Amino acid sequence: MLQSETGFRLLKGHLDRAAQAALVEAVLARVDRSPLFTPAMPRTGRKMSVRMTNFGPLGWVTDKDRGYRYQAAHPVTGEAWPNLPQALFDLWEAVSGWPDPPEACLVNWYGPGARLGQHIDADEDAKFAPVVSVSLGDSAKFRLGGPTPKGPTTSLTLDSGDVVVLAGPARRFRHGVDRIYPGTSTLLPPGWRPGRINLTLRRVTKGQAGQAGDRGTQPA
DNA sequence: CAGTTACG
DNA sequence: ACCC
């Protein structure tokens, strides 16, 4: 939908309601056995307001003692993360333009008061691979900046079914979630938690695209 | 006041 | 500048 030379793309309404509902079903079934955990900031131990889990061979976690990292096991249960739903492989193939499959799907649940401060994704060895994000449930105020801690930011509303791609230079842009707009979607089943689920697909390790000779190049 | 937020 |  919105295409730009920065590598930022907002695919407004990329997933229709049926596709969103099918994805939610796949997500909730996996969250049942890989429960949401409460991440904590490195050093301070301050708890984040967003709750998380992961799918795929690797998952992003953080805690006071060991900080930000990817690991193969759930930090609470010690079990391997559930597999990635096929629909997410398909989405990655459709929008990422990257030759290697995703290895991590970070599942972020934002309750009505949750936020995520401005940050730059930097924990992946595959630092040139795009990041693909899917919004499900309540709308969110998303803020996108540039590559430096200073500089202007712009805010965008992300609605259920929207897909965001951060590729090229935008892969290293600051971004965060200022707030959730409670009650703006009926997608999440009554009886589950209210709010927003964001799925973020990432390539973590260097694959074919990370071999010597084509570092940093964008595949056709 | 420190840590965080917002960049309106 | 604002919040706790």
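This structure is a prediction, so every number in the text was calculated from the model and none was measured. Naming: A, B, ... by sequence-line order, numbering from 1 per chain.
- The shortest distance between the side-chain N/O atoms of A:Arg179 and the OP1/OP2 oxygens of B:dT5 is not below 4.0 Å.
- Rounded to an integer number of Å, the gap from CG of A:Leu116 to P of B:dT4 is 13 Å.
- With both ends at atom C1', the span from B:dC1 to B:dT5 equals 16 Å, rounded to whole Å.
- Distance alone, capped at 3.5 Å, is enough to place a donor-acceptor pair between the A:Arg9 side chain and the A:Val95 backbone.
- Side-chain polar atoms of A:Tyr70 and A:Glu103 form no donor-acceptor pair below 3.5 angstrom.
- Every residue meeting the side chain to side chain donor-acceptor pair (under 3.5 Å) condition with A:Thr6, not counting sequence neighbours, appears here in chain and number order: A:Ser4.
- Paired regions of DNA chain C, requiring three or more successive Watson-Crick or G-U pairs whose two hydrogen-bonding distances fall under 3.5 Å, are not present.
- No donor-acceptor pair under 3.5 Å is formed between the side chain of A:Ser139 and the backbone N or O of A:Tyr181.
- A:His74 places a side-chain N or O within 3.5 Å of a backbone atom of A:Pro35 that can act as its donor or acceptor partner.
- Legend: salt bridge (Lys or Arg N to Asp or Glu O under 4.0 Å) pairs involving residues 44-54 of chain A, not counting sequence neighbours: none detected.
- Side-chain N/O atoms of A:Asn108 and A:Arg196 include no donor and acceptor closer than 3.5 Å.
- A:Asp162 is linked by a side chain to side chain donor-acceptor pair (under 3.5 Å) to A:Lys12, counting only residues two or more places apart in sequence or in another chain.
- A:Asp138 and A:Ser185 share no donor-acceptor pair across their side chains, judged by distance under 3.5 Å alone.
- The distance from atom CZ of A:Arg46 to atom P of B:dA2 is 15 Å, rounded to the nearest whole Å.
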Can you name the atoms? Protein N/O to nucleotides 6-8 of chain B N/O, anything below 3.5 Å, with the distance.
{"unit_1": "B:dC7", "atom_1": "OP2", "unit_2": "A:Arg143", "atom_2": "NE", "d": "3.4"}
{"unit_1": "B:dC7", "atom_1": "OP2", "unit_2": "A:Arg143", "atom_2": "NH2", "d": "2.2"}

Extract from the structure each pairing of a protein N or O with an N or O of nucleotides 2-4 of chain C at less than 3.5 Å, listing the distance.
none

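- Looking at A:Asp125 and A:Lys206, no side-chain N of the basic residue comes within less than 4.0 Å of a carboxylate O on the acidic one, giving no salt bridge.
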